[in-house]
Amino acid sequence: MSASVITVETQEDLSHKLIIQQPPVGLSLKGSIRVPGDKSISHRALMLGALAQGETEIEGLLLGEDPRSTASCFQALGAEISELNTELVRVKGIGLGNLLEPVDVLNAGNSGTTLRLMLGILASHPGRFFTVTGDGSLRSRPMSRVVKPLQQMGAQIWGRQNNSLAPLAITGQALKPTHYHSPIASAQVKSCILLAGLLTEGKTTVTEPALSRDHSERMLRAFGADLTTDPETNSVTIIGPAQLYGQKVVVPGDISSAAFWLVAGAIVPGSNLLIENVGVNPSRTGILEALSLMGADVQLENQREVAGEPVADLRVRYSRLKSCTIAGDIIPRLIDEIPILAVAAVFAEGTTVIKDAEELRVKESDRIAVMAQQLNKMGAKVTELPDGMEITGGTPLVGTDVDSHTDHRIAMSLAIAALVASGITSIHRAEAAAISYPNFTATLQQVCQ
Ligand code: S3P
C-alpha cells in the first residue's frame, strides 16, 4: 500500500477529514515504531514538578494537547516550565503551598485528568481564589465525583448543577483528612484526593472497588511523599503535610496509544510490527490480557524498568481472533482501550461481550454509543448495552463517512477499522487524535507503506 491512499483534507471549519482507501493489493503492517509518551505520566510529571522544591527534568513528555493544557495551567499558577519538547523539559517548582492566585480562568481544554487532579491541588491551597473551565466536552463531564470527596474534606467549590459541572470556582482551604471509599475505580478520583492530602495534616486514605492505574502513587513516592498502599483492600494513604523534591522523570511510550497498532497488527493479514519502549505497568496491561484471550499473537520483548515504571517492546503478528468476554476488575486496567478492542472484536469469530464499563459513557464522548453507531455505519454488528457492547464478528466492513465526535480515541479506532474496510472511509474531525497522539497520521502512513 502506498502512503498516497491515506490523505488528510482540511475542511472549511478547519477540522480534518482523514481519508483511507482500501489498497488494490494486500496491505500488511511491517517495521518498528515508537509511540508518544504516556499521557497519564506526562500530566503527573508536570504537576508534581510544579509542586516540588527544586528542578524536575522530564524526558519523553507527550506533546499532545492534554499535557499542554496541564503545562499552561501550572505556568499560570507560578511554575516555570521550559519550552515543551520530547527530549528534555525542565520544570522549576514553586514548592507545596506556594501556588500563586492566577489572574485569569484556568483552562483544562479537553483534559479530564488536568481538571480533576488540579481541583485537589487548588482546593487545598488556603487563601486563594481559582476558577477552572474546559472545552465543550469537558464542561459536560461529571465533576461531582471529585467535588463531593473534596467537600467531605472541607473544600469550597461552586459550579453549575449543584457544583457538578465546570466552570467551577474554588476558594482554597486548609482541609481535614478523610478516608474516602470511592464508588468507582478511577485514577482521576484517587489522584485528586491524594493530591489534596499533600497539604492536609494527617492521614488521607482512598479505597477503590478495583485497582485503577497507580502512576500517582509511584510518582508521589519518588518525589518524597509519605505514601503507603494496601493491595488487599485497594487502599492508598498519604500523610500530610508533605514535601516534594524535584526529580528526573523518564516517560515511557503510552500503552493506550500502542493499543491502536497492537490491534492493527492483529487484524491486518501478514503484519509483523514492533512497537518499542511501551510502558507495561500492570495497572495498564488489561489490553494485553484481552488480546491474548482473543488469540492475538503479542510478545513482550526486552522487558526492563525505567525510572520506576516497567517498560517493554511489543511485537504483534497477524492471527485469527476469537471472541471473548471482558468484564469485572479488568475494566479499569483497559478502560481507554475499549474503543479499539471493539474494532478487534469486529474481526473476531463469535460474539464478544464487554460489560461493567458504564464509565465509557462519560469519557470525552459517550464511547459506547459513538463506537456502536460508527462501526455499525461501516457494516459491523454492534449492540449497545447500558454498560458495554455486544459485538458479533465476521461481517466485512465497508468504507463510508464516519465521525470522531471530537474524541481522540474514537478517531484513531475508526482509522484502524478503515485499514480493513473495503472502499473509502472518511473520518471526520480526525484532528482530535492530537489530544493524545500528535503524529498518529504520519505513523499510519509510515506503517502502511
Ligand atoms: C486517567 C484515568 C482514567 C483514564 C484517563 C486518564 C488518569 O480516567 O480514562 O484517560 O491519568 O488518571 P478515570 O480515572 O476517570 O477512569
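Counting starts at 1 for both ligands and their atoms, following the listed order. Counting from 1, the numbers follow the sequence of the chain as shown.
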Residue that, paired with L314, satisfies side chain to side chain contact (heavy atoms under 4.5 Å, CB included) out of N302, L273, V35, L262: L262
Presence of salt bridge, D313 and R304, under 4.0 angstrom: yes
Heavy atoms from other residues, nucleotides or ligands near NZ of K17 exceed 12 (cutoff 6.0 Å): yes
Ring geometry between F440 and W261 (parallel below 30°, tilted from 30 to 60°, perpendicular above 60°): parallel
Distance-only donor-acceptor check, side chains T352 and S323, under 3.5 Å: no
Summary of salt bridge (charged side-chain N to carboxylate O under 4.0 Å, His left out) pairs that have at least one residue in residues 169-191, sequence neighbours excluded: K190-E208, K190-E217
Close residues, ligand 1: non-hydrogen atom nearer than 4.0 Å: K39, S40, R44, T113, S186, A187, Q188, R213, I335, D336, K363
